[in-house]
Asker: 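Submitted below is the structure of interest, expressed as structure tokens.
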Number of protein chains: 2
Amino acid sequence: MDAAAGGQQVPRGVLVLLCPLVVLNAAFIAHHFISPSLQYEGGGGWALQAAQEAEAVASIACSGHGQVFQDGVAGEGGRPVGDPLFMEPYWRRHAAASAVVLPGWHRMSYLTTDSLFQSVELENQIRRLHSAVGNAVVDGKHLVFGTGSTQLINALVHALSSYLSPDATLPPVTVVATAPYYPQYRSQTTMFGGRKYRWGGNTALWANATARRSFIEFVTSPNNPDTLLQKPVLGGSSAIVDHAYYWPHITHIPAPADEDVMLFTMSKLSGHAGSRFGWALIRDENVARRAYEYVQNSSLGASQDTQLRMLRIVKVILANLRGEEDMLAFGHDVLRTRWRRLSDIVSRSRRISLQEIHPQYCTYFNRVREPSPAYAWVKCEREEDGDCYQALLRAKIITRSGVGNEATSRYTRMSLLKSDDDFDVLMERVTDLVDAEKCDAPRVSSM
Amino acid sequence: MDAAAGGQQVPRGVLVLLCPLVVLNAAFIAHHFISPSLQYEGGGGWALQAAQEAEAVASIACSGHGQVFQDGVAGEGGRPVGDPLFMEPYWRRHAAASAVVLPGWHRMSYLTTDSLFQSVELENQIRRLHSAVGNAVVDGKHLVFGTGSTQLINALVHALSSYLSPDATLPPVTVVATAPYYPQYRSQTTMFGGRKYRWGGNTALWANATARRSFIEFVTSPNNPDTLLQKPVLGGSSAIVDHAYYWPHITHIPAPADEDVMLFTMSKLSGHAGSRFGWALIRDENVARRAYEYVQNSSLGASQDTQLRMLRIVKVILANLRGEEDMLAFGHDVLRTRWRRLSDIVSRSRRISLQEIHPQYCTYFNRVREPSPAYAWVKCEREEDGDCYQALLRAKIITRSGVGNEATSRYTRMSLLKSDDDFDVLMERVTDLVDAEKCDAPRVSSM
């Protein structure tokens, strides 16, 4: 996730100020009108009451620029930053189709009706989705659910290293990624690493490694943070290919991915980051079994509440694919418009630049599509802006420094997945930053 | 969780046979009547549709002896075994008050409105609950949520061992528990253990350990499997006290627990095992911070969908405490009735025996209460029944062998938390087993 992004605190602060009455109303509804002491002794109507409550709270929307949650506590800063909220308008439009109702007696078991930790029906729908979108080959693959793809990062390292380093006499497996890489691979492998596997850093360090050493290589494609499609670089390594962003609203799809171990997440597909739901597609049965056992041992599976909700979400996505209300077309529209706006502004700048992305043919849309990356990978061009994150922060633009990705501090990541309001504020501030260049003294060194 | 328990497969199989039409109906509803392609363009009524659907599915209840889930796939064995479904009738009675509605746009963020991975409002309600029940002191404690208390097992080992063994030159911390203990402590510590901590087995092995060795001791109180209240036995160890069962429907509460590190879970409090929600109460700020970071690093928090649902559940419990619809009184009634039924049958047996539990004063009920344990810790008394699990299995009673608890195979655990139907079948089979003793030849060795 993106813990830091473009300047949302001011508009949210304003929204909170505009909506105090609304927060009070929600609290009133939550504590009095729909008090838990109201009990229906079975029979019809129980779900309607919950539904009416949800609608009452949902209708309090601060003119569409904020929202009140059922457990909202009036805070200082308002909403958090950096979330993939760009999909929220789509789900507001599809509120009926996408809603689930969970009465207290529902889903109490550890297991699904199939006596598994994961829903077979949800697995079937996910397989259908991959096949219909054409972004991954599911035949001959095993599917393992996790509490977000985050939980599966270490589940897969664990599963593969049990295979690569089956006994204690062998050296630990070295876990690597090519910089700039997603920092969670490092932080999680460092936290969990021990006898069987250890974090080894950038693949560049291991280009001449001896053949006897075993590697697990994380490959994110499209990459987080720089959004380029990637392949493993260490020959003979076991690759975990993180396809979190390999969906046609975020990237072109040249062909279905078919690697041995692949990671996906709802966070970036539908924007449901808070649900914590991800899955792995794994060719080898033993690796899949070990990953499933890891999830079972560390958390007894992913939340059944969430699995039920994700089933509904995936069904809505599937039912609308290639239709007028295609979620992927919606997402692509949002992101390509954002990228175009940002690119237009930055094209006037000599101070900051963005990664280059070209329009490419996409098998899903069956045409050449405009770029729509999840992130801008910003480079500060001026010599004195060696810490690009700090340079942008002075312009009230919050990004995530490239240092965390093992890139240099000259780079920083800007999320384009945020809410519409937050993105508008980001654009205002980037425009101010670029406009201010005209006022700067001309710089000899860059002539 | 209890992966094996008393003989549910036959009755559930029968239910599946009785309800094929019902499963078809649910599938029809899911795929046609409430197809995801139905879209409401905002406005009123979206939640009502979802609610009507949930009620339609919920009303298909196989005369109260089974249920159809919205993502149900007709399976062979029917419902899984060993779940804490004893609370389901309570939540069916309180369907209205306990229901939550989650439209697609709700809770998409990684974070709550307070920019945290965990809901402050849910934390407040949990603190209120502990104070009102009187089973734990929350003042001066930090609260950390997890994907079940299961995720927090290793989160706490990680957090404490960072403290006990801060650098690599120190020997690993030894993680122990007193047999019979909950096997997940061993399986998880063995899976994650490495440089900083290692599984050390039964505390009995370490009674004479040198003072230089650091220990983390798991203490489950009441204990799983034998349901007795427990204290740490190794002086000077850091204890993680698992109070999963320290609620007045399952045990008497002599006083509020006030250990430095305590674990709780919704699975055993309300029966919502599938939601995967647990929490730790931690006195030391640094230990709490490390545990919170562990959860963040390994899964980016617990599901927000589940947090919202648990908020509602806790509010219902709180609103009814000590009233006519007290969930804890309901749970106690169910479990004490079950214990009495089982004890009555087993009292006629010379082949199997149960742990002894006496009525004790409980501060919550403000009276001496009858025993209501979550598990029967069954001992096979005959010499030839050295493998008690197998002996019961031959009578079609599925239990969990004491071997997993590092007890001898002469013991086995029988869950009393299952559904009413499953418990009835269990009682039938235990009755058959005991009645069959009369037909056995008198045994000289036991005279």
Side-chain angles (χ1 to χ4, degrees), chain A residues 1 36-37 39-40 46-51 54-55 71-73 75 80 83 88 91-92 94-105 107-111 113-115 119-121 147-148 150-151 187 194-195 271-276 297 299-300 303-306 309 311 315-316 319, chain B residues 1 36-37 39-40 46-51 54-55 71-73 75 80 83 88 91-92 94-105 107-111 113-115 119-121 147-148 150-151 187 194-195 271-276 297 299-300 303-306 309 311 315-316 319:
Chain A
M1 74 164 290
S37 62
Q39 293 137 19
Y40 281 44
W46 56 260
L48 296 181
Q49 189 191 11
E55 283 205 80
D71 68 342
V73 171
D83 279 314
E88 206 182 82
W91 296 111
R92 282 188 178 271
H94 296 263
S98 65
V100 291
V101 179
L102 281 163
W105 58 267
R107 291 283 165 151
M108 297 186 71
S109 170
Y110 283 105
L111 304 174
T113 36
D114 309 288
S115 296
S119 157
V120 171
E121 180 62 7
T147 304
T150 310
Q151 185 184 32
S187 63
R195 285 167 302 180
H272 291 90
S275 295
R276 312 308 310 125
N297 200 4
S299 68
L300 294 174
S303 165
Q304 296 289 340
D305 311 339
T306 285
R309 187 179 190 204
L311 174 65
K315 281 183 172 176
V316 174
Chain B
M1 75 162 290
S37 61
Q39 293 137 20
Y40 281 44
W46 57 259
L48 296 180
Q49 189 189 11
E55 283 205 80
D71 68 342
V73 171
D83 279 314
E88 205 182 83
W91 295 112
R92 282 188 178 271
H94 295 264
S98 65
V100 291
V101 179
L102 281 163
W105 58 267
R107 292 283 166 149
M108 297 185 71
S109 170
Y110 284 104
L111 304 175
T113 37
D114 309 289
S115 297
S119 157
V120 171
E121 180 62 8
T147 304
T150 310
Q151 185 183 32
S187 63
R195 285 167 302 179
H272 290 90
S275 294
R276 312 308 310 123
N297 199 5
S299 68
L300 294 173
S303 165
Q304 295 290 340
D305 311 341
T306 285
R309 187 178 189 205
L311 174 64
K315 282 183 171 177
V316 173

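Residue numbers start from 1 in every chain, and the chains themselves are labelled A, B, ... in the order their sequence lines are given, proteins ahead of strands.
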Asker: Looking only at atom types and distance, does a side-chain atom of A:N297 sit under 3.5 Å from a main-chain N or O of B:S187, one as donor and one as acceptor?
Answerer: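 Here the side-chain-to-backbone pair exists.
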Asker: Can you check whether B:P103's main-chain N or O pairs, donor with acceptor, with A:H94's side chain at less than 3.5 Å?
Answerer: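 Checking the backbone N and O of B:P103 against the side chain of A:H94, no donor-acceptor pair under 3.5 Å is found.
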Asker: Between atom NE2 of B:H272 and atom OH of A:Y110, what is the distance when rounded to the nearest 0.5 Å?
Answerer: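 Spacing of NE2 (B:H272) from OH (A:Y110) equals 12.5 Å.
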Asker: Is a side-chain N or O of A:S98 found less than 3.5 angstrom from the main chain of B:G104, in a donor-acceptor match?
Answerer: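 Yes.
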Asker: In terms of side-chain heavy atoms, does A:T306 have a donor or acceptor partner in B:S303 at a distance below 3.5 Å?
Answerer: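 Looking only at side-chain atoms, B:S303 and A:T306 do form a donor-acceptor pair, the distance falling under 3.5 Å.
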Asker: So how far is it from A:D83 CG to B:S115 OG, rounded to the nearest 0.5 Å?
Answerer: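 Taking CG in A:D83 and OG in B:S115, the distance rounds to 9.0 Å.
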Asker: Roughly how far apart are B:R309 CZ and A:R309 CZ, rounded to 0.5 Å?
Answerer: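 Separation between the atoms: 13.0 Å.
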Asker: Checking the side chain of A:D305 only, and the main-chain atoms of B:D305 only, is there a donor and an acceptor separated by less than 3.5 Å?
Answerer: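 Here the side-chain-to-backbone pair does not exist.
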Asker: Flag the one option from B:S299, B:G194, B:G148 with the top tally of heavy-atom pairs under 4.5 Å to chain A.
Answerer: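 Heavy-atom pairs under 4.5 Å are most numerous for B:S299.
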Asker: Of the non-hydrogen atoms in A:W91 and B:W105, which two are nearest, and what is the gap between them?
Answerer: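 The answer is CB-N, 3.5 Å.
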Asker: Would you give the length of the straight line joining atom OG1 of B:T147 to atom CD of A:Q151, rounded to the nearest 0.5 angstrom?
Answerer: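 So the gap between those two atoms works out to 6.5 Å.
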Asker: When rounded to the nearest 0.5 angstrom, what distance separates CZ in B:R276 from CZ in A:R276?
Answerer: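 B:R276 atom CZ to A:R276 atom CZ measures 16.0 Å (nearest 0.5 Å).
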